[in-house]
Amino acid sequence: MIRIALPKGRLGDKVLAMFENAGYACPEIHTPSRKLVFSTDKVSYFFVKPSDVPIYVERGVADVGVAGSDILVEHEPDVYSLLDLGIGRCRLCVAAKEEFKDDFVSPLRVATKFKNTAAKYYASCGRTIDIIKLNGSIELAPILGLSDVIVDIVETGTTLKENGLVVKQEILPISARLIANKSAYKFNSTEISELLQKLQAQREV
Ligand code: PRP
């Protein structure tokens with residue numbers, strides 16, 4: 001049996017459909033309930049917070065999982081990244097109020113969930129920053145004056161638009177990746193390779 005950690009939320013639904021179409025169906029998962037683990041004799045699925053997927057995979061309680069490349073770049077887990085699934089495409093961007101202009105004098109106040117990625121990006125630009133780590137609703141920060149800019153995910157751009165913010169720079173394209181635990185990849189290679197091949201066939205280009 002292969003153990004799979006999937007991200008809760010909008011990406012998770014798309015990913016589950018991909019796995020089911022690849023031959024890893026689990027009818028019980030579609031029955032509304034508060035259950036957290038769903039198993040057949042072939043597969044065991046569990047849904048976790050997207051940023052927790054690499055933790056379950058790295059620690060080996062999941063053989064494989066699906067995580068956004070944003071999370072992999074931010075946390076650099078010790079896992080194999082096997083496949084770009086071609087879904088969950090979005091961009092990590094710097095955004096601010098339209099009228100905001102960097103004075104390049106005082107440290108730039110940057111609100112973000114992606115502390116490490118933002119720090120690396122601004123270090124590469126030689127810009128001193130003051131990082132403000134938030135856990136959600138990042139767009140509020142420049143609106144309320146908590147930060148000058150945000151580093152956040154932009155998918156459709158609706159959240160920025162509805163809050164009067166615009167993209168100032170693009171940092172990184174993002175998509176969902178199939179990741180594997182390193183030992184599982186070695187010792188369950190037949191099962192994981194079979195899954196990989198079937199997902200490759202499902203992959204949206
Ligand atoms: C993400 C991101 C933006 C929004 C972008 O938030 O942080 O707020 O999606 O999507 P859009 O460009 O399609 O509008 P999420 O929904 O994950 O919630 P969060 O505010 O808790 O981070």
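Both ligands and their constituent atoms are indexed starting at 1 by order of listing. Along the sequence shown, residues carry numbers from 1. Just so we're clear, the structure is a prediction, and the values are computed from it rather than from any experiment.
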Item to complete: Can you confirm whether something in the protein, heavy atoms only, sits under 4.0 Å from atom 16 (O) of ligand 1?
Response: yes
Discussion item. Give me the residue, atom name and distance of the protein heavy atom closest to atom 9 (O) of ligand 1.
Written reply: Arg10 NH2, 2.9 Å
Discussion item. Less than 4.5 Å apart, side chain to side chain, heavy atoms only: is that true for Val64 and Leu178?
Written reply: yes
Worksheet item: Hey, is Glu162 one of the residues with a heavy atom under 4.0 angstrom from ligand 1?
Response: no
Worksheet item: Which protein heavy atom lies closest to atom 20 (O) of ligand 1, and at what distance to 0.1 Å?
Response: Ser137 N, 2.9 Å
Worksheet item: Closest non-hydrogen protein atom to atom 14 (O) of ligand 1, residue and atom name please, with distance?
Response: Thr159 OG1, 2.4 Å
Worksheet item: Where's the contact between Arg91 and ligand 1, heavy-atom distance under 4.0 Å: side chain, backbone, both or neither?
Response: neither
Worksheet item: Taking C-beta and beyond as the side chain, do Ile131 and Tyr122 meet within less than 4.5 Å on heavy atoms?
Response: no
Practice prompt. Flag the pair Glu194 / Tyr24 as yes when at least one side-chain heavy-atom distance between them is below 4.5 Å, and no otherwise.
Written response: yes
Worksheet entry | Asn188 vs Ile2 side-chain heavy atoms within contact, under 4.5 Å | no
Item to complete: For atom 3 (C) of ligand 1, grab the closest protein heavy atom and report residue, atom and distance to one decimal in Å.
Response: Glu139 OE2, 3.1 Å
Worksheet item: Is it true that Lys113 lies under 4.0 Å from ligand 1, counting heavy atoms only?
Response: yes
Discussion item. Pair Lys168, Asp152 - check salt bridge (Lys or Arg N to Asp or Glu O under 4.0 Å), show working.
Written reply: CA-CA 11 Å; Lys168 296 284 184 178; Asp152 199 18; over 6 Å; no
Response to the item:
One finds that the ligand 1 atoms under 4.0 Å from a non-hydrogen atom of Thr158 are 12 (O), 14 (O)
Worksheet item: Would you call Ile179 and Pro77 a side-chain contact if the rule is heavy atoms closer than 4.5 Å?
Response: no
Worksheet item: Which distance, rounded to the nearest 0.5 Å, do you find between the CG of Asp70 and the CZ of Phe114?
Response: 4.0 Å
Worksheet entry | Heavy-atom proximity to atom 7 (O) of ligand 1, best of Asp70, Asp152, Ile153, Asn135 | Asp152
Worksheet item: Is it the side chain, the backbone, both or neither of Thr156 that has a heavy atom closer than 4.0 Å to ligand 1?
Response: both
Worksheet item: If you measure from the Lys or Arg side-chain nitrogens to the Asp or Glu carboxylate oxygens, is any gap between Asp63 and Lys186 under 4.0 Å?
Response: no
Worksheet item: Can you tell me the protein heavy atom closest to atom 21 (O) of ligand 1 and the distance?
Response: Gly136 CA, 3.7 Å
Worksheet item: Does the side chain of Glu58 reach to within under 4.5 Å of the side chain of Lys182, using non-hydrogen atoms?
Response: no
Practice prompt. For Ile138 and ligand 1, answer yes if some heavy atom of the residue is under 4.0 Å from a ligand atom, otherwise no.
Written response: no
